[in-house]
Protein chains: 2
Amino acid sequence: MPFLQKSYESLDTLAEAIGQAIRAPITIENRHHQLLAYSTHPDSTDPARIATIIGRRVPEAVIEDLWESGILQEVIDRDEPVVIPARMAVGLGERAAVVIKQQGDVLGYIWSLARTTPFSEQELTVLQEGANIAKKLLMTIAMHERRIDAELERFFLEVLATPVLSPSHRDRLNELAPIAVASRLTVIECAQPVTPQLAERLFYVLATQQAIEVVLHAIDGQQLLVWHYMKSDLAEEETALLQWADRFETQLRDKFIEAEPRLGISRRFFESDMLYAAMEEARRVTSLRRKFPYELATSRTFEQIGIYQLVPDLARRIGLRLETHPTIERLQAYDVTHHTELVTTLEWYFYFDGNVKRVAAHLHIHPNTVLYRIRRIEELTNITQVSLPERAAVYLAIKAGQYRQDD
Amino acid sequence: MPFLQKSYESLDTLAEAIGQAIRAPITIENRHHQLLAYSTHPDSTDPARIATIIGRRVPEAVIEDLWESGILQEVIDRDEPVVIPARMAVGLGERAAVVIKQQGDVLGYIWSLARTTPFSEQELTVLQEGANIAKKLLMTIAMHERRIDAELERFFLEVLATPVLSPSHRDRLNELAPIAVASRLTVIECAQPVTPQLAERLFYVLATQQAIEVVLHAIDGQQLLVWHYMKSDLAEEETALLQWADRFETQLRDKFIEAEPRLGISRRFFESDMLYAAMEEARRVTSLRRKFPYELATSRTFEQIGIYQLVPDLARRIGLRLETHPTIERLQAYDVTHHTELVTTLEWYFYFDGNVKRVAAHLHIHPNTVLYRIRRIEELTNITQVSLPERAAVYLAIKAGQYRQDD
DNA sequence: GCCCACTTTGTGAAAAAACACAAAGTAGGC
DNA sequence: GCCTACTTTGTGTTTTTTCACAAAGTGGGC
């Protein structure tokens, strides 16, 4: 004796019907926790549900919490309604959830808030029934989505393969992206090629990012290329981006330990003509971060890598014979004969902007040792007294040398 | 009744003859105070003469002193023997000197040290006679020299006009330059085109430089191009060069106030194949010093201009769109609305490596004002906390912008 | 193995830089 | 014209950094 009809014309009417049957607010989400439908219910609702409906996706913090506490995993594994106690820290009242699955693949979820009384067996059965019905509707949507996604990915890769945009490409891109919004191209680079399984998991994390809006994305070898923009105002774009990048990379490293994902973010651009250049910038960032992991540990954007931007060019073009600097040559000679570390010390002394304490901390030595070495360097070269332009050149010379060495 | 013969086969025999006639040590110099001949005389001699004979040129300090005291000018103007009191500060005992002139042009000088007794009229007449005889010999030498010089200059300009050396050029250059010596190409750039008169005066100063050995030189428009090397050891080459460049530029500025001469020195090179590249380096230095007189006030070598090396490329190639840095844009916007100087302050804060005192001194403001502005900048951008590579990039961005503006 | 030159570390004193706070100056906006 | 928000300068205090010097450690050459 089913409580619901065999089928509904839309997810909205299904949500409404379940809501009526168990007399509680219902939300239906896709596999990326984006809102698909919700019941209009006059009764009390909790902050998490409001945020979900307003933002048309479940807040990032809630998803994080549900994963960390293992609840989401349980919902997926059980394949039948699970009652979840309230998690007030993230604004979540008590609720029940059921996964919508098709041959092991998650298609989405149905959530129901608890009223004042606990859920009855019957109400949970209704949820289970609802999940079965939603499956058919979601399969249609999912299939359509996947077709669209695959087509868009192919298109995106095509665009990124050609330095100069064709007029037809430009027209289509302009339809996809909002006008006059500062967007960026981000590369997520992995240690191994991105398999479809890994891609799916990466997309999941990407789709749940609240701060950004993804325009297009594509897989290319070991990289996931993402064209996106920040939801914040242009004035706060940079701050918001840096914060997001920091959080996002930490999240990725936690979730994909074996893949060692690394971000590279282009500068902002407003015209789709810049996509190719932006991709090169983003890739330059990941490539340099591969070479200089410590130095660029917290540099994710093209702006942040600073003059490292120039290192590959400098290492390549011998025209500017930058890396044979007499100062470095002399220090290197001294290092060899005296088993010292003057070049390295100088390098980090410059990097840390003359801050002896930080240099000492980084090299795990006594600050006075740094002072001693700096005085030695001064005796040999008096390079520490020069101004930024020359210091930077020496630093670049050291780095260009290392870059070539590794290559 | 002449005391000397009508002519002598060489300057050496002439010097010997004069020395015999007046029984005092004699030296004959060309117009650049390079030693041409000297008498062998057993009697006491002074430090200046010893140094002159050993170095085959009059020491720089002596020439400087003789110019500053007006003695040399007097010798040239008088056109007859002048008795010069001892100048012990530069190791010069009492002596007599006579200029060797030909139609107003100085060809050289004859010097005679005083014995214990003062010079007699007769002895001075002998000197005058000697100068007349030397004139003929010097004219031959001078004519020959000038022909050689002109030919060498033509050759040098030809070499510098072609980026890739022809085998015949290389062979001839290798004959001219010592092997395995670190040489440099220096450009002396003037505010006006170098006239033959100016060139002659410049060559005079150049020829009297003790620290360097000139291989070749040539005039090209407003520039005097000099290929030279330091007489010091390779290990001290750089230190010696920097010291010399400092002294030499001061000297030039004092002597040629209207020409506003400016030095540009290439990096050192060992192969004549590098001449063209070296010239480009040297010219890049003078060109940048023209654009950034204050910033590069004491930067004379290509090494010293540091990352300014890259500014023209950066300003030219929009490929690396470096000069639109969000940080600078934001600060510029603030500067406009608040009538402040944050960008300039940041620029010098970076240049002076975070030294508030020096920034304040350069901008003629209170150190606390600098601190206040830095805090403002931090509130707006937190750029001051980043490490060298990003700081340098911001600095470059500011500079590339200014470079383009001026152009 | 021992000496010698050089490097590293530790300690307290001295110098320098940063800071907090107040007062005075400045320039738009209403 | 006055108010307000912001900037600049001055003063004394606090914190940080540097310096001087001593002791201990290190490693290669004879």
Side-chain angles (χ1 to χ4, degrees), chain A residues 233 235-236 239 327-388 391 394-395 398, chain B residues 235-236 239 327-388 390-391 394-395 398:
Chain A
D233 283 354
E236 284 100 46
T239 324
T327 296
I328 301 171
E329 281 177 359
R330 181 174 298 191
L331 293 180
Q332 266 171 347
Y334 191 91
D335 277 354
V336 169
T337 53
H338 290 75
H339 309 277
T340 45
E341 300 273 318
L342 296 191
V343 175
T344 312
T345 308
L346 185 68
E347 176 191 336
W348 292 104
Y349 183 74
F350 280 178
Y351 183 88
F352 288 124
D353 193 32
N355 187 320
V356 171
K357 228 170 143 186
R358 291 177 69 189
V359 177
H362 175 249
L363 297 176
H364 309 295
I365 53 178
H366 196 278
N368 274 2
T369 306
V370 178
L371 276 173
Y372 172 81
R373 288 183 184 173
I374 295 298
R375 266 178 234 163
R376 246 304 102 90
I377 293 170
E378 272 168 1
E379 279 170 23
L380 290 166
T381 66
N382 74 348
I383 191 68
T384 53
Q385 292 160 27
V386 301
S387 58
L388 179 80
R391 298 157 64 93
V394 172
Y395 187 81
I398 296 173
Chain B
E236 284 101 45
T239 322
T327 295
I328 299 170
E329 281 176 359
R330 181 173 299 192
L331 292 180
Q332 266 171 347
Y334 191 91
D335 276 356
V336 168
T337 55
H338 290 74
H339 308 277
T340 45
E341 301 271 320
L342 296 191
V343 175
T344 311
T345 308
L346 185 69
E347 177 190 335
W348 291 103
Y349 183 75
F350 280 178
Y351 182 89
F352 287 124
D353 193 32
N355 187 320
V356 172
K357 228 170 143 186
R358 291 177 70 190
V359 178
H362 175 248
L363 297 175
H364 308 296
I365 52 178
H366 197 277
N368 275 2
T369 305
V370 178
L371 278 172
Y372 172 81
R373 287 183 183 172
I374 295 298
R375 268 178 234 163
R376 245 305 102 89
I377 292 169
E378 271 168 2
E379 280 169 25
L380 289 167
T381 65
N382 71 349
I383 192 68
T384 53
Q385 292 159 28
V386 301
S387 57
L388 179 81
E390 200 175 347
R391 298 157 62 91
V394 172
Y395 187 80
I398 295 174

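In the text below, chain A, chain B and the rest are named by the order of the sequence lines, each starting its count at 1.
- Remark: A/Ser387 pairs with A/Pro389, B/Tyr351 by the side-chain contact (heavy atoms from CB on, under 4.5 Å) rule, at least two apart or across chains.
- Taking only side-chain nitrogens and oxygens, B/Lys357 never comes nearer than 4.0 Å to OP1 or OP2 of C/dA16.
- Residues satisfying the salt bridge (Lys or Arg N to Asp or Glu O under 4.0 Å) test with A/Glu347, not counting sequence neighbours, are A/Lys399.
- Among residues two or more places apart in sequence or in another chain, the side-chain contact (heavy atoms from CB on, under 4.5 Å) test is passed with A/Leu388 by B/Phe350, B/Leu388, B/Tyr395.
- Rounding to the nearest 0.5 Å gives a distance of 10.5 Å between CD1 of A/Ile383 and CZ of A/Arg330.
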Between protein and nucleotides 26-30 of chain C, what N or O pairs are separated by less than 3.5 Å?
{"residue": "C/dG28", "atom": "OP1", "partner": "B/His339", "partner atom": "NE2", "Å": "3.1"}

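- Looking at residues 340-351 of chain A, you'll see that no heavy atom sits under 4.0 Å from any atom of DNA chain D.
- Residues meeting the side-chain contact (heavy atoms from CB on, under 4.5 Å) test with B/Glu378, sequence neighbours left out: B/Ile374, B/Arg375, B/Thr384, B/Gln385.
- For A/His339, there are no side-chain contact (heavy atoms from CB on, under 4.5 Å) partners at least two apart in sequence or on another chain.
- Residues of residues 360-379 of chain B having a heavy atom closer than 4.0 Å to DNA chain D, listed by number: B/Ile365, B/His366, B/Asn368, B/Thr369, B/Tyr372, B/Arg373, B/Arg376.
- Note: A/Ile398 CD1 to A/Gln332 CD = 8.5 Å, rounded to the nearest 0.5 Å.
- Annotation: the terminal axes of the helix from C/dG1-D/dC30 to C/dC30-D/dG1 meet at 30°, where each axis is the rotation carrying the C1' atoms of four end pairs onto the next four (5 pairs per end, rounded to 10°).
- Between B/Arg373 atom CZ and B/Thr344 atom OG1 the span is 8.0 Å, to the nearest 0.5 Å.
- Put simply, the side chain of A/Leu342 reaches to within 4.5 Å of the side chain of A/Leu380, judged on heavy atoms.
- For residues 348-358 of chain A, every residue pair satisfying the salt bridge (charged side-chain N to carboxylate O under 4.0 Å, His left out) rule, not counting sequence neighbours, is listed here: A/Asp353-B/Arg391.
- Minimum interatomic distance between B/Val343 and B/Ile328 (heavy atoms only, all atoms of both residues): CG2-O, 4.4 Å.
- Contacts between chain A and DNA chain D, taken as any atom within less than 4.0 angstrom of a protein heavy atom, begin and end at D/dT17 to D/dG28.
- Note: B/Thr345 OG1 to B/Asp335 CG = 7.5 Å, rounded to the nearest 0.5 Å.
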Side-chain polar contacts of residues 359-372 of chain A - donor-acceptor pairs under 3.5 angstrom, sequence neighbours left out - could you list them?
{"residue": "A/His366", "atom": "ND1", "partner": "A/Asn368", "partner atom": "N", "Å": "3.0"}
{"residue": "A/Thr369", "atom": "OG1", "partner": "A/His366", "partner atom": "O", "Å": "3.4"}
{"residue": "A/Tyr372", "atom": "OH", "partner": "A/Arg376", "partner atom": "NH1", "Å": "3.3"}

